[in-house]
Protein chains: 2
Amino acid sequence: MAVNLKQLAELLGLSQTTVSRALNGFPEVNAETRQRVLQAVRETGYRPNRAAQRLATGKAYSIGMVMPIAPGIDSDVHFGEFLAGLAEEAVKHDFHFVLNPSAPEDEEVTFRRLAASGNVDALFLAYMRANDPRIAMLKSLSIPFVVHGRSIGESRDYPFLDIDNTSAFYDATRLLIQLGHQRIALINGPEYLAFSIRRKKGMLRALAEHGLSLDEALVQHSLMTDEHGYRSMQPFLQHANPPTAVLCSSTVLALGAVRAINQAGLKIGDDISLIAHDDVLPMLKPENFSVPLTTTRSSLRAAGARIATRLIGGILKRGDYPEQELWRAELIVRASTGPAPQK
Amino acid sequence: MAVNLKQLAELLGLSQTTVSRALNGFPEVNAETRQRVLQAVRETGYRPNRAAQRLATGKAYSIGMVMPIAPGIDSDVHFGEFLAGLAEEAVKHDFHFVLNPSAPEDEEVTFRRLAASGNVDALFLAYMRANDPRIAMLKSLSIPFVVHGRSIGESRDYPFLDIDNTSAFYDATRLLIQLGHQRIALINGPEYLAFSIRRKKGMLRALAEHGLSLDEALVQHSLMTDEHGYRSMQPFLQHANPPTAVLCSSTVLALGAVRAINQAGLKIGDDISLIAHDDVLPMLKPENFSVPLTTTRSSLRAAGARIATRLIGGILKRGDYPEQELWRAELIVRASTGPAPQK
DNA sequence: ACGGATATCCAAAGCGCTTTGGGAGGAATC
DNA sequence: GATTCCTCCCAAAGCGCTTTGGATATCCGT
């Protein structure tokens, strides 16, 4: 059924060498010949045998990923979404994933083993922290890698894809300020993660520019579950001087926050404004909230796919991808934001 | 650095054939010789090249998995945990995973493509429903597979690993009845999933045996998030004739249920008893609840690992695993169950 | 018209493993 | 003592691809 190189070459009256070269984009093959080859590939449905390629090239055609299994990271709703993007893209190119579950304390060993195993051509890194030691480690491993997110305080000389968290929350905060809000609360992700730090920074910057400051009593850091959103919001509402607006680092957090707000009998977009970061989780669309949510939006799945593309492109030496990408999140205004209530 | 078969054979003064046979457990090799080979492997750290093995044997050494990306299934907290078990075990044997994200409507195509690609030696199936059509399909694909869970209404002639959901909830219900409870509520997983159906069945059976019945007003089916646990519990509590006990299909659901109960000012284990099914999620231990939870316990991660073991064993034709396994969940009594309150 | 580029193509040698098809030597059989 | 049968081992042929090291033919300027 399935043809191989040899048969394809025979069929074309060419040598395996030439066919191989034609397929792999070598220059020393006639343009017309290449077209013939490509045509034959289409007709026969020829697909190179990956095992043979691996053996001949020494490439693994797979990318390694250390799957964090620490409490509160694994099983994270966002993880699955990102993974889906990554996997979807990888599968298109017939690349495999090597998932290595690992507790944080074993991560270094796991990375080293993975890099040394020859089973992966590249590694991928996520859940960046400030001054993340894993970057230096990966650099020393002499294996290509791409980071999702970026560290803080490290030199920037490593490949990453991140969204501009600072700007996202800066923009969101500025909008709230323009609407007259002065007391704004923040329900953020885990304190040690870089994106949380940046989002807070963006918020602080916008506040500072308008002579406002952030009341630390109105800041909560936690895992990104709706439960935590709820628990974080409640004390804010009971505060002697409650906020008139709140920023959430995820629509999942917002889910809980909204519940707490409803329960307090307040009206969203009216009594209190809310902006959440939207990772575009298919199960949780901000427009489907009882009051549609104003969000800063950036697709997590798209990020996964893009990282896969870059990793694969790097391995195959195809295309030329920027080493560093910073995606801008879109600020999308819906009904959950409104002018600050008059006292 | 890394030795290969040839070098290893030379070192031992044997042929590649013999060394290969010794390693792969062929009978026609002297026991003593085999020991020498094994010893040499230990000393040199020899690891066979997977690409070469793949090429020579035609085996892929990887197992395929269609990752459901439907709303409410993907990103499920439980999915990551199961995946971790699967991956952990696979990595030990140097097996890869091929994750294929797919929407339910594309699943069949995805399975077929995967099976035909030659990239996987076996498939794995989860989230079983009643009369699940995927089983017949997989059987027709002539590729080994193992099912996590089991269907209902199908003949049982396929390999699966499941927990005895019926017994688990039967046992739990019986305990509650013995404690004097008569009105018991159920917060279950999605209605179409086989495990939900079986758990309800187990509950019904125990009730029936004691001349009790289930009030459908006290049954909720939903995604297994704490949010849904909360939302499901609330109406129960507001019922004219509220339950004195409740069964939850997951500790995640219990999280929300507990919150609703607390909020209603009731005391768990006293005013109302609660038993939850515990998948042994590392982030959510039943003993850490404010009132430690009585649970039916069965580790999801262990199930993942076991399935990987069986799949890999089957591919390598090593070991002899039962085709069908039904794990019994343990009923562990903690403080959330107590005698029914006297009226 | 001729040496030297230049453009195209090919034969063959691996990559590291498994597996086929023996072969040597000693034990068992008749 | 000749034949058969095990036991244990080996040489060599792939698996399907990439890549090295030429070949051959065409084309150029002089």
Exercise. Judged by atom type as modelled, is there a donor-acceptor pair below 3.5 Å linking the side chain of A/S20 to the main-chain atoms of A/Q16?
Worked result: no
For this session: Measure up the A/F124 and A/F82 rings against each other and bin them: parallel (under 30°), tilted (30 to 60°), perpendicular (over 60°).
Result: parallel
Under 4.0 Å between a side-chain N or O of [X] and OP1 or OP2 of [N]?
X     : N      : answer
A/Y46 : D/dC17 : yes
B/T18 : D/dC8  : no
A/N4  : D/dC15 : no

How is [X] classified with respect to the nucleic acid when contacts are heavy atoms under 4.0 Å: base, sugar-phosphate, or nothing?
X     : value
A/R21 : base
A/G13 : sugar-phosphate
A/Q53 : sugar-phosphate

Shortest side-chain distance from [X], nucleotide among [options]:
X     : options                : answer
B/T57 : D/dC17, D/dA11, C/dT18 : C/dT18
A/T17 : C/dT18, C/dA11, C/dC15 : C/dA11
A/A52 : C/dT19, D/dG16, D/dT18 : D/dG16
A/V29 : D/dC10, C/dC9, C/dT19  : C/dC9
B/N49 : C/dG16, C/dT18, D/dC17 : C/dG16
B/L14 : D/dC9, D/dG16, C/dT19  : D/dC9
B/A56 : D/dG16, C/dC17, D/dT19 : C/dC17

For this session: Return the 5'-most residue of the pair A/R34, A/Q16 with respect to DNA chain C, ranking by each residue's nearest nucleotide.
Result: A/R34
Seminar exercise, completed: On DNA chain C, more 5' by nearest nucleotide between A/S15 and B/K59 is A/S15
Round to a whole Å and report the spacing from [atom1] of [X] to [atom2] of [N].
X     : N      : atom1 : atom2 : result
B/N30 : C/dA24 : CG    : C1'   : 15 Å
B/K6  : D/dA11 : NZ    : P     : 12 Å
B/L12 : D/dC10 : CG    : P     : 10 Å
B/Y61 : D/dC15 : OH    : C1'   : 13 Å
B/E10 : C/dG16 : CD    : P     : 13 Å
A/R54 : C/dC17 : CZ    : P     : 13 Å
A/E28 : D/dT20 : CD    : C1'   : 11 Å
B/L5  : D/dC10 : CG    : P     : 13 Å

For this session: Using a strict 4.0 Å threshold on nitrogen-to-oxygen distance, state whether B/R301 and B/E88 make a salt bridge.
Result: yes
Exercise. How far does CZ of A/R134 sit from CG of A/L125, to the nearest 0.5 angstrom?
Worked result: 4.5 Å
Seminar exercise, completed: To the nearest 0.5 Å, atom OG of A/S102 lies from atom CG of A/L114 at 10.0 Å
For this session: Report yes if the distance between the aromatic ring centroids of A/Y158 and A/F160 is under 6.0 Å, otherwise no.
Result: yes
Seminar exercise, completed: The answer to which of A/L55 and B/A31 contacts DNA chain D further toward the 5' end, by nearest nucleotide, is B/A31
